[in-house]
Amino acid sequence: MSSCNDQPPRVQLGFSLPLHKNNDDVDAPDTSSFDGQEHNNALGHESPNWCDWDGGKIGGLPSWLNPRDLPDGPLCCRGPCSNNNIEKKDCGTPLRFIAQLYCPADDVTNNPAAFHRSVYVFACPKCFSDSSTLFQYEEHGDGKDAKEIPAALLSECVRVLRCQLPKQNDFYPLNGDREADDEWEKHTSAYWSKTNKNDQLNLCSVCGQKSMGKCPKQGKWFCGPHHQKECLRASKQYQKTNPNGTMPQTFLPSVCYESELVVEEEPDVPTEAESNSGISNNTDTMNSKSLFQSNDITDADASLEQRDLNELTGNKSLAEAATGVTDPTTLAFYARMNIGGEDNDVRDQCLRYSRWSAAQKQTPDKDEGEEEEEEGALWLSSDNRPNEAFPPKCQHCGAERAFEFQILPQMIHYLLNDPNASGDSYDSPDNGRHVLSESERAVLLEAKAKIESGMDLPEGFKEQHDLAVASARDALLGISRKDGNKGGTSEDLGAKDGLDWGTIAVYTCTASCGDSGTYLEEAAWVQPPLD
């Protein structure tokens, strides 16, 4: 996934693909239950046939690359809910599994130990449910910067683990194809629990991590009392309406809905000249379709060429006046979501992958003071971005860390919504959204350029611009999470709530260090949602 120095890095996009049913019975569940029912999708590392591994998985339980040497658990939050006590591992809220990605790196690092490589992302449901309010603290008299402290703490609400193995290892066959023995079990934690007589490898029934013991009442293994109690409460609630049924894992509040993560190349990004052509070719057509359409605003106003009308800003520059959706970074984010147009709609992307592109780019002839084209994460906002000291160097080997991928807010929809529920809430392309035309997208990009120039706002720009970007947000991201709660109330034990973010950017060791199959922590930066 590396890129040439004379070409822009290729970005790969991740999409959620619903699971298929495991037989012809229309009533058969798509997800596994506690009785061992399984769907026919071998997600993650459920199959030892590693030639079939591709992409990753979203939600459900983690599928461990190394099923024997698991991380000490349960993984807990180190953010605000832990009171910053990172020494006590169980002080924060147990984290919820979000996604995992299979991304070998032996070819780009010359490290044969990275032949198999998976990255896992976990998030705190408590802190992310309050993520927006974390940035609304008032300053106190203790001299601390009340705005920067929450930004750093929010990134502590995410934990990223990386695991890798050489081609020859204890868990998977060398050939990795479908000819592998059907009785192969070394890729499962259950096998190593029996072989090594280690009960901790009987995984927790709620989070899929190391267990601490077996509940005699429920007959299941748990990582601790928190998930033991959650499972008992959920089971009682489920039996009220399904007295003869087996509770699926997805009924548990801590288990997000599961889907496959498939990856494809991002469509080519139009050049600046191509984007501008959407405005200059036909002004009348553009104004009739423009995001800034209004009977009270002229064609010149629609193109944002009027400079001397600034009554709305009181003669202040845009840099002083612009807030919220007037952020040029936000405009660029929405425009990038729409680059595929109607023929190749990519607005449902929930992950963007561009491994170490900024670290690999060489600019030896760069003039002093010349701005380098930013690569890496596609930020949702100009605020709450990492400073130059982030990411820290790898604490395991000292190598530089660089951006590898980011999780977008669209993923929340697939984590919290049942793909088997009736209606069109899951298949978002059918919910009435429209793809922006080239002229509409060009207006967004021109607005970004005008805002960055620091020019004064034209009269009427603020109102029209706010409506325009609100429309763009609905059109481009359009996976609504605003209708009521996210799956139920706090009293509904099957509710999938407590998740909200702007974007999660993951940074990993550029040496991809480690040769023993251990789970090593990497770094992440979180931007909060815009609203």
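- Of the possible donor and acceptor atoms, none in the side chain of Arg385 sits under 3.5 Å from a partner among the backbone N and O of Trp525.
- A donor-acceptor contact shorter than 3.5 Å is absent between the side chain of Glu400 and the backbone of Thr510.
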With side chain to side chain contact (heavy atoms under 4.5 Å, CB included) as the test, would you mind laying out the steps for Leu95 and Cys77 before giving the verdict?
CA-CA 6 Å; Leu95 300 182; Cys77 182; 3.7 Å; yes

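- Under 4.0 Å is where a charged nitrogen must lie from a carboxylate oxygen, and between Glu521 and Arg78 at least one such pair does.
- Counting non-hydrogen atoms of neighbouring residues, nucleotides and ligands closer than 6.0 angstrom, the CG atom of Asp54 reaches no more than 12 such neighbours.
- Residues Gln12 and Val263 approach most closely at CB-CG1, 3.5 Å, considering heavy atoms.
- Aromatic ring orientation, Tyr102 versus His116: tilted (interplanar angle from 30° to 60°).
- The pair Glu260-Lys57 does not meet the salt-bridge criterion, since no charged nitrogen lies less than 4.0 angstrom from a carboxylate oxygen.
- Counting only heavy atoms from C-beta outward, the side chains of Leu261 and Leu101 approach each other to under 4.5 Å.
- Atom CE of Met411 sits about 4.0 Å away from atom SG of Cys350, to the nearest 0.5 Å.
- Between Tyr519 and Trp64, the ring centre distance stays below 6.0 Å.
- The shortest heavy-atom contact between Ser259 and Leu17 is CB-O, 3.5 Å.
- The shortest distance between side-chain heavy atoms of Cys256 and Leu499 falls below 4.5 Å.
- Side-chain atoms of Ser189 come within 3.5 Å of backbone atoms of Pro67 as a donor-acceptor pair (strictly under, hydrogens ignored).
- Among Gln527, Gln406, Arg352, the single residue meeting the side chain to side chain donor-acceptor pair (under 3.5 Å) criterion with Thr503 is Gln406.
- Between Asn384 and Trp379, every side-chain heavy-atom pair lies at or beyond the 4.5 Å cut-off.
- In the model, Tyr507 has no side-chain atom that pairs as donor or acceptor with a side-chain atom of Glu404 under 3.5 Å.
- At distances below 3.5 Å, at least one donor-acceptor pair connects side-chain atoms of Gln164 with backbone N or O atoms of Gly514.
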Would you please test Tyr172 and Leu65 for side chain to side chain contact (heavy atoms under 4.5 Å, CB included) and show each step?
CA-CA 10 Å; Tyr172 305 99; Leu65 177 63; 4.0 Å; yes

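- With sequence neighbours excluded, the residues forming a ring-ring contact (aromatic ring centres under 6.0 Å, His included) with Phe97 are Phe122, listed by chain and number.
- Nearest heavy-atom pair across Val158 and Ala524 is CG1-CB, 3.9 Å.
- Taking the side chain as every heavy atom from C-beta outward, Lys210 and Asp72 approach each other to under 4.5 Å.
- Within the 4.5 Å cutoff, side-chain heavy atoms of Ser155 are placed close to those of Val526.
- Remark: Arg96 CZ to Leu252 CG distance equals 10.5 Å, nearest 0.5 Å.
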Is there a side chain to side chain contact (heavy atoms under 4.5 Å, CB included) between Gln249 and Glu258? Walk through the geometry before answering.
CA-CA 10 Å; Gln249 286 178 326; Glu258 186 178 39; over 6 Å; no

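- Taking each heavy atom of Ser63 and Gly44 in turn, the nearest pair found is OG-C, 3.7 Å.
- A donor-acceptor pair under 3.5 Å is formed between the side chain of Asn66 and the backbone N or O of Gly517.
- A side-chain donor-acceptor contact under 3.5 Å links Arg117 and Ser512.
- In this structure the side chain of Val11 never reaches within 4.5 angstrom of the side chain of Gln349, judged on heavy atoms.
- In this structure, Ser129 contributes its side chain and Lys126 its backbone to a donor-acceptor pair below 3.5 Å.
- For the atom pair CH2 (Trp53) and CG (Leu43), the distance works out to 13.0 Å, reported to the nearest 0.5 Å.
- Atom OG in Ser254 sits 5.0 Å away from atom NE2 in His226 (nearest 0.5 Å).
- Side-chain contact between Thr93 and Cys127: absent, with no pair of heavy atoms (C-beta onward) separated by less than 4.5 Å.
- Here the closest non-hydrogen pair linking Leu203 and Ser211 is C-CB, 4.3 Å.
- The closest side-chain heavy-atom distance from Glu522 to His396 is not below 4.5 Å.
- Closest non-hydrogen pair, Phe128 versus Asp500, comes out as CD2-O, 3.1 Å.
- For Ser205 (side chain) and Phe222 (main-chain N/O), no donor-acceptor pair under 3.5 Å exists by modelled atom type.
- Taking CD of Gln410 as the reference point, atom OG of Ser16 lies at 11.5 Å (rounded to 0.5 Å).
- From Trp501, atom CH2 reaches atom SG of Cys157 across 12.0 Å, with rounding to the nearest 0.5 Å.
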Test side chain to side chain contact (heavy atoms under 4.5 Å, CB included) on Leu161 and Leu75; report intermediate values, then the result.
CA-CA 10 Å; Leu161 300 181; Leu75 296 173; 3.7 Å; yes

